[in-house]
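Each ligand, and each atom within it, is numbered from 1 in the order the structure gives. Because the structure is a prediction, the values reported are computed rather than measured.
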Amino acid sequence: MTGTPDEPRIAVIGAGIVGLCAAYALHELGVTPAVYERGRPGQGQSGGESRLFRHAHDDERLVRFAIESRGIWRAWETAFGRTLVSGDGVVALGDGAIERLSTLEAVGGVDAGEVDADELAVRLPVLGWYDGPAVLDRDGGAIDAQGAIASLAGALGDAIVTDEVLSVRPLPDDRVEIRTSSSTEIFDRVLVAAGHGASLLWRGFGLAVPVTSSAHVRLTYDLIDAPPAQVACLQDGSGVWGETGIYGAPVPGNALYAIGLSETVDARPDGGVVDPTGLAELVDRTNAYVERALPGLRPEAVGVRHCWVTELSWSEDGVGVWEAGGALLVAGHNLFKQAPALGRALAKALVGEALKQDLRPESRLGHP
Ligand SMILES: Cc1cc2nc3c(=O)[nH]c(=O)nc-3n(C[C@H](O)[C@H](O)[C@H](O)COP(=O)(O)OP(=O)(O)OC[C@H]3O[C@@H](n4cnc5c(N)ncnc54)[C@H](O)[C@@H]3O)c2cc1C
């Protein structure tokens, strides 16, 4: 199914942004993996139109990782002939933004700085008047999520196998068996990049991965005026409009703007949400925030994205990679922006290089 007789036989489970980036990075190294996806590429946590690319993180190592990733997004824009990250910037509001700016400055290499109310009004014309602490990351912007998924999946072509993986089993010789609904295959190396589905596959390896799933909701709104040429993404931790965990990103074309609360609704161990009314409350709070903070948007949502999200115990931006025999498991949250650098690091580890120390779970990447 994959590779030439000289190539290692490698499988990637999951065609979300992480699995696709790892598979494409393998392709760049001259290796063709089998990519198992039970549905459409990008149907899981990677679904929806746009994502926010920001450099600001609490952990300097994650800032460096984001810088590396931004460079790869640019290279892939050239390879695919399309814009993948808008470059319209990210504005972050509140005292926390100033603290993160000092982390950015300590690392260096990111065009970011404080902005006043006038510049904010130009960068994010849909936002109400705000003259508190604000930081603009000029190298950040909105990721065209569907464009990225389509480009990567298109480049991988029939390496993507539409099939559900039921089990992943380590073999005594360090190879790995994969059983799908219609096949049993043995691989030299396997990457489990199955998002919310990963913990079910990983049980056979006996590892304790401190990842939890919860339910998230994000809403999309029409702009009242004609789409501006440029619109920044938003992170609002200021509390000025009654919420401290808001993120927002324009949808490609700038006629729509997506807004979400970073809060989520817990899942039970059996997989269902603990309290379904929690999602309805998040929708109400998001609508109320839009009405108060974003006079440039029509306050009636025109689109909704409900989704499971996964998170590691040590940080909401945490990412880690577990190794066992011939298999690697990746877990974390807010991985879209980081996926190109993560994918390249995973691809190198899959072809035999040592896994980057920062990605090992004991490094707790993302922990400030
Ligand atoms: C609404 C929302 C907004 C977000 N905003 C941002 C943001 O602004 N910036 C950012 O960087 N990140 C953001 N994130 C987080 C980011 O989108 C995720 O971290 C990232 O998409 C995870 O990608 P993944 O490939 O690990 O997982 P997924 O996209 O979930 O991919 C896993 C894939 O594996 C497949 N799969 C699972 N089990 C099996 C199986 N047994 N057999 C075969 N296939 C299987 C699934 O079908 C799925 O396609 C956001 C997430 C959401 C939901």
Side-chain angles (χ1 to χ4, degrees), residues 11-23 34-57 62 65-66 69-70 73 85 90 140-143 145-146 148-149 152-153 160-168 178-182 190-202 211 213-220 233-235 246-250 258-262 264 282 286 303-312 316-321 329-343 346 366:
V12 173
I13 304 174
I17 192 65
V18 174
L20 288 173
C21 285
V35 184
Y36 291 103
E37 170 55 56
R38 64 182 167 197
R40 270 181 303 105
Q43 68 168 9
Q45 292 181 71
S46 306
E49 300 88 352
S50 59
R51 290 290 186 279
L52 196 150
F53 185 103
R54 63 181 151 93
H55 291 90
H57 290 88
L62 215 46
F65 207 52
S69 225
R70 185 73 178 92
W73 281 115
V85 182
V90 177
I143 305 170
Q146 289 181 1
I149 296 282
L152 292 162
I160 300 177
V161 181
T162 307
D163 209 347
E164 176 161 19
V165 174
L166 271 70
S167 73
V168 188
I178 288 185
R179 286 177 188 270
T180 74
S181 23
S182 59
V190 168
L191 170 65
V192 182
H196 173 58
S199 56
L200 296 176
L201 298 174
W202 199 246
V211 67
S213 286
S214 57
H216 180 64
V217 57
R218 192 184 77 170
L219 300 165
T220 310
C233 296
L234 169 68
Q235 275 196 294
I246 288 285
Y247 73 92
I259 293 284
L261 273 159
S262 48
T264 57
L282 289 181
T286 308
V304 63
R305 174 101 199 139
H306 292 112
C307 195
W308 295 109
V309 291
T310 51
E311 190 172 314
L312 288 167
E316 66 171 8
D317 288 322
V319 50
V321 179
L329 166 91
V330 56
H333 184 35
N334 285 327
L335 299 181
F336 213 110
K337 72 184 88 55
Q338 307 287 14
L342 186 55
L346 289 166

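- When only non-hydrogen protein atoms are considered, atom 3 (C) of ligand 1 lies nearest to Y247 OH, 3.3 Å.
- In summary, the atoms of ligand 1 found under 4.0 Å from a heavy atom of Q43, numbered by their order in the structure, are 47 (O), 49 (O).
- If you check which protein heavy atom lies closest to atom 47 (O) of ligand 1, you get E37 OE2, 2.6 Å.
- In terms of protein heavy-atom proximity, atom 30 (O) of ligand 1 is nearest to Q45 N, 2.9 Å.
- Taking each heavy atom of V304 and L219 in turn, the nearest pair found is CG2-CD2, 3.6 Å.
- An N or O contact shorter than 3.5 Å links I17 to ligand 1 by distance.
- For G16 against I149, the heavy-atom pair with the smallest separation is C-CD1, 4.3 Å.
- Side-chain contact between S46 and F336 is present, with heavy atoms from C-beta onward closer than 4.5 Å.
- Ligand 1 has a nitrogen or oxygen under 3.5 angstrom from a nitrogen or oxygen of N334.
- A331 meets the side-chain contact (heavy atoms from CB on, under 4.5 Å) test with V209, V211, L312, W322; sequence neighbours excluded.
- Heavy atoms of A193 found under 4.0 angstrom from ligand 1 belong exclusively to the backbone.
- For ligand 1, the atoms sitting less than 4.0 Å from at least one non-hydrogen atom of F336 are 10 (C), 11 (O), 12 (N), 16 (C), 17 (O), 21 (O), numbered in the order shown with element in parentheses.
- Nearest to atom 42 (N) of ligand 1 by heavy-atom distance, out of D163, V165, L52, is V165.
- For atom 25 (O) of ligand 1, the closest non-hydrogen atom on the protein side is V18 N, 3.0 Å.
- Heavy atoms of H216 found under 4.0 angstrom from ligand 1 belong exclusively to the side chain.
- Distances from atom 23 (O) of ligand 1 to the heavy atoms of G16, G14, S46 put S46 nearest.
- The protein non-hydrogen atom at the shortest distance from atom 19 (O) of ligand 1 is L335 N, 3.0 Å.
- The distance from ligand 1 to the heavy atoms of V309 drops below 4.0 Å at these ligand atoms: 53 (C).
- Distances between N or O atoms of R218 and those of ligand 1 include no value under 3.5 Å.
- The shortest distance between side-chain heavy atoms of F65 and S69 does not fall below 4.5 Å.
- Nearest heavy atoms, V90 versus G141: CG2-N, 3.5 Å.
- Contacts with ligand 1 closer than 4.0 Å are made by side-chain heavy atoms of C307 only, the backbone lying farther away.
- Not a single donor-acceptor pair under 3.5 Å links the side chain of T264 to the backbone N or O of H216.
- Nearest to atom 43 (C) of ligand 1 among the protein's heavy atoms is R38 N, 3.3 Å.
- The closest donor-acceptor contact from the side chain of H57 to the backbone of H55 lies under 3.5 Å.
- Remark: side-chain polar atoms of Q45 are paired, donor with acceptor, to backbone N or O of T310 under 3.5 angstrom.
- Summary of contacts: the protein heavy atom closest to atom 27 (O) of ligand 1 is G195 CA, 3.8 Å.
- Screening D317, V309, V319 for a side chain to side chain contact (heavy atoms under 4.5 Å, CB included) with N334, the sole residue that qualifies is D317.
- Not one N or O on the side chain of T162 forms a donor-acceptor pair closer than 3.5 Å with the backbone of R38.
- Protein heavy atom at the shortest distance from atom 14 (N) of ligand 1 is R51 NE, 3.5 Å.
- The shortest distance between side-chain heavy atoms of K337 and V85 does not fall below 4.5 Å.
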